[in-house]
Amino acid sequence: MSRAGIDAIEIWTGKLQLDLPRTFAPVKGSDPQKYLKGIGIEYSSLPDVYEDIVTMGANAAKQLLDKKELAPADIGRIDVATESSFDNSKPVSTYIAGCLESVYESNFTHANKGERKFACLSGTQAIDDAYNWIQAGRHRGKPALVIATDTALYERGDPGEATQGAGAIAMLIDEDPDIVSISHSQGYGSADETDFLKPNQQFPSVDGKRSVQVYLARMREALADYESVAGKTHPDAFAAVPFHTPFPGMVRKAALLGYRHTIRNTDIEDELASDIGTQPRRNEFDSNSEFDAEMRTYMDGLKQTEAYQEWYADRIEPTIQFARQVGNWYTGSVHIARYSALHSAATAGDSLSGEQLLVGSYGSGAEAEIHVETVQPNWKSAINSVTFAESLASRYDLSFEEYERIHDVHNAQKETEVEPFTNPDGEFIFTGWGRMNERRYEYRPCQSGNAS
Ligand code: HMG
């Protein structure tokens, strides 16, 4: 079986930002520390008036094609993962392909196109589809373009409003990849849940507190399933553990649970025993409640140990740096977490070639998936070529009143005319609706005349 995985990435952030501690918190009457420390998001990225899932996806994809010197005819497949789609029939990938074809000489006529849905998990599922297509030898030597693009908005006043975000990540999936190869083994944890859903509605119905528990339960099942096929995992075997990151506070909970699970019956559990005892085992207790209480005490102790805090600082904290700056990008979120870890290692000058990442993806409804990735020799130059940090720094900072207007602009139930806050410059923009209610787009060339 050949190596296949992520060869290149590009990221497009919504061009506006909402500052949660300084702009959102005062109006909500809440403590800024709730966002900085508790939820863990400082800024949410939001789309300007002329941006949507198509423009953000097409802009990320164009940057990627240009960087790799590829044309549409070089691509064998385009899969778009999104939970913000606006059409139940025509996939977003056709719109994105149409945008790209308007600026390149060749086209995507022979590329297979689709749209993947399973809440936030579908970005990873789209990569799986591309991986399987390559491994089956059906790709005719061509790479696949996977684009995860979302506008994650909640109803105004919903607790989820503090975890919004918007952006797209385009990933080239190919043989002999430059960034990471993907393991053959996978683990799944899945159940029919109604914690977060959008039954033919734009904004989600959310049971926020329960969604946190459902995430943790499915992630635990996926890890156990992964170990049943790939063998026992050890926390020190991984250079980083990127999780789906709806907000960094969620990852704090998942990481502790994952650490507890992976140290069980290992040298680390033994070493910590003199401080906090060994982990309670269910068969040692008469009732679930006694076991749960004992486990809570163990977890509280574990969280305070130097071993856990060092592991968290090395393997988890680097994965959530960008989530703090952009919020939840739904399908793109776990892929931003992977990028965040690699960017942080590249900036620190670390050598990661040959190291492994344990990747935990999740989608409400609900399913978690766990697999391992191996960092490839060319990872650093591939990561250093991504210009995400610069585009984050140039976002327009919204006042609260401007935030209210932009939320209305992107609310499908409202008709609101608002002037854009930024100028499109070398990018695709949304221009309005056509005769069959299709969305229409055009390319705005770069003002400086440098870009194509
Ligand atoms: P909330 O109820 O407003 O917040 O919203 P809270 O009161 O639970 O506080 C959040 C954290 O801040 C807590 O930390 C507080 O203690 C802390 P925790 O105890 O949980 O560790 N806090 C403070 N810390 C320091 N100083 C302070 C302070 N005040 C509070 N002053 C909620 C939280 C998650 C419910 C909300 O944001 C929400 O509904 N979000 C949307 C749902 C969501 O993201 N769920 C996550 C799991 S489901 C998932 O990941 C899937 C998803 O991405 C969708 C998909 O798959 O498609 C959402």
Side-chain angles (χ1 to χ4, degrees), residues 18 20-21 24-42 44 53 81-85 116-126 148-167 189-199 201-220 222 242-257 296 299-300 303 312 316 319-320 323-324 326-337 360-369:
L18 176 65
L20 293 171
F24 187 74
V27 179
K28 295 283 162 184
S30 40
D31 182 347
Q33 293 306 319
K34 170 174 174 177
Y35 306 102
L36 286 170
K37 291 232 161 65
I39 285 175
I41 299 177
E42 186 172 5
S44 288
I53 52 170
T82 186
E83 51 181 297
S84 319
S85 194
R116 249 296 188 170
K117 180 171 75 178
F118 197 141
C120 302
L121 181 63
S122 63
T124 296
Q125 291 182 323
T149 181
D150 269 300
T151 299
L153 291 178
Y154 289 76
E155 200 83 64
R156 296 288 315 283
D158 187 290
E161 202 181 358
T163 64
Q164 298 178 127
S190 187
D192 176 10
E193 298 277 4
T194 50
D195 55 321
F196 171 109
L197 54 157
K198 298 181 183 177
Q201 64 197 43
Q202 184 188 3
F203 301 128
S205 302
V206 199
D207 184 342
K209 301 284 181 213
R210 208 168 76 77
S211 74
V212 169
Q213 297 314 317
V214 174
Y215 175 122
L216 294 174
R218 304 290 83 79
M219 204 59 92
R220 191 171 51 230
F243 281 104
H244 167 54
T245 311
F247 55 97
M250 180 73 241
V251 171
R252 234 178 14 240
K253 297 179 204 295
L256 183 63
L257 200 78
R296 270 196 298 276
M299 299 279 274
D300 288 344
K303 195 164 34 176
Y312 186 90
I316 302 292
T319 71
I320 55 179
R324 292 188 188 288
V326 302
N328 190 358
W329 285 13
Y330 287 161
T331 54
S333 161
V334 66
H335 309 292
I336 294 293
S361 304
Y362 175 74
S364 288
E367 180 167 309
E369 188 264 13

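Only this structure's heavy atoms are used, side chains among them; waters, hydrogens and symmetry mates stay out. Counting starts at 1 for both ligands and their atoms, following the listed order.
With Tyr215 as reference, Met219 is the one residue of Gln213, Met219, Arg218 to meet the side chain to side chain contact (heavy atoms under 4.5 Å, CB included) rule.
For the pair His244 and Met250, the minimum side-chain heavy-atom distance is 4.5 Å or more.
Within a 6.0 Å sphere centred on NZ of Lys198, other residues, nucleotides and ligands contribute more than 12 heavy atoms.
Neither side chain, Thr163 nor Asn328, offers a donor N or O lying under 3.5 Å from an acceptor on the other. At a cut-off of 3.5 Å, with distance as the only test, a side-chain donor of Ser30 or Tyr35 sits close to an acceptor on the other residue.
Glu83 places a side-chain N or O within 3.5 Å of a backbone atom of Cys120 that can act as its donor or acceptor partner.
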Put together the list of close N/O pairs, under 3.5 Å, between ligand 1 and the protein, could you?
residue	atom	partner	partner atom	Å
ligand 1	2 (O)	Lys209	NZ	2.8
ligand 1	3 (O)	Lys34	NZ	2.7
ligand 1	8 (O)	Lys209	NZ	2.4
ligand 1	20 (O)	Lys253	NZ	2.5
ligand 1	21 (O)	Lys253	NZ	3.1
ligand 1	31 (N)	Asp31	OD2	3.0
ligand 1	37 (O)	Pro159	O	3.3
ligand 1	45 (N)	Ser211	OG	2.7
ligand 1	50 (O)	His244	NE2	3.2
ligand 1	53 (O)	His244	NE2	2.8
ligand 1	53 (O)	Asn328	ND2	3.0
ligand 1	56 (O)	Cys120	N	3.3
ligand 1	56 (O)	Ser364	N	2.8
ligand 1	56 (O)	Ser364	OG	3.3
ligand 1	57 (O)	Glu83	OE1	3.0
ligand 1	57 (O)	Glu83	OE2	2.5
ligand 1	57 (O)	Cys120	N	3.2

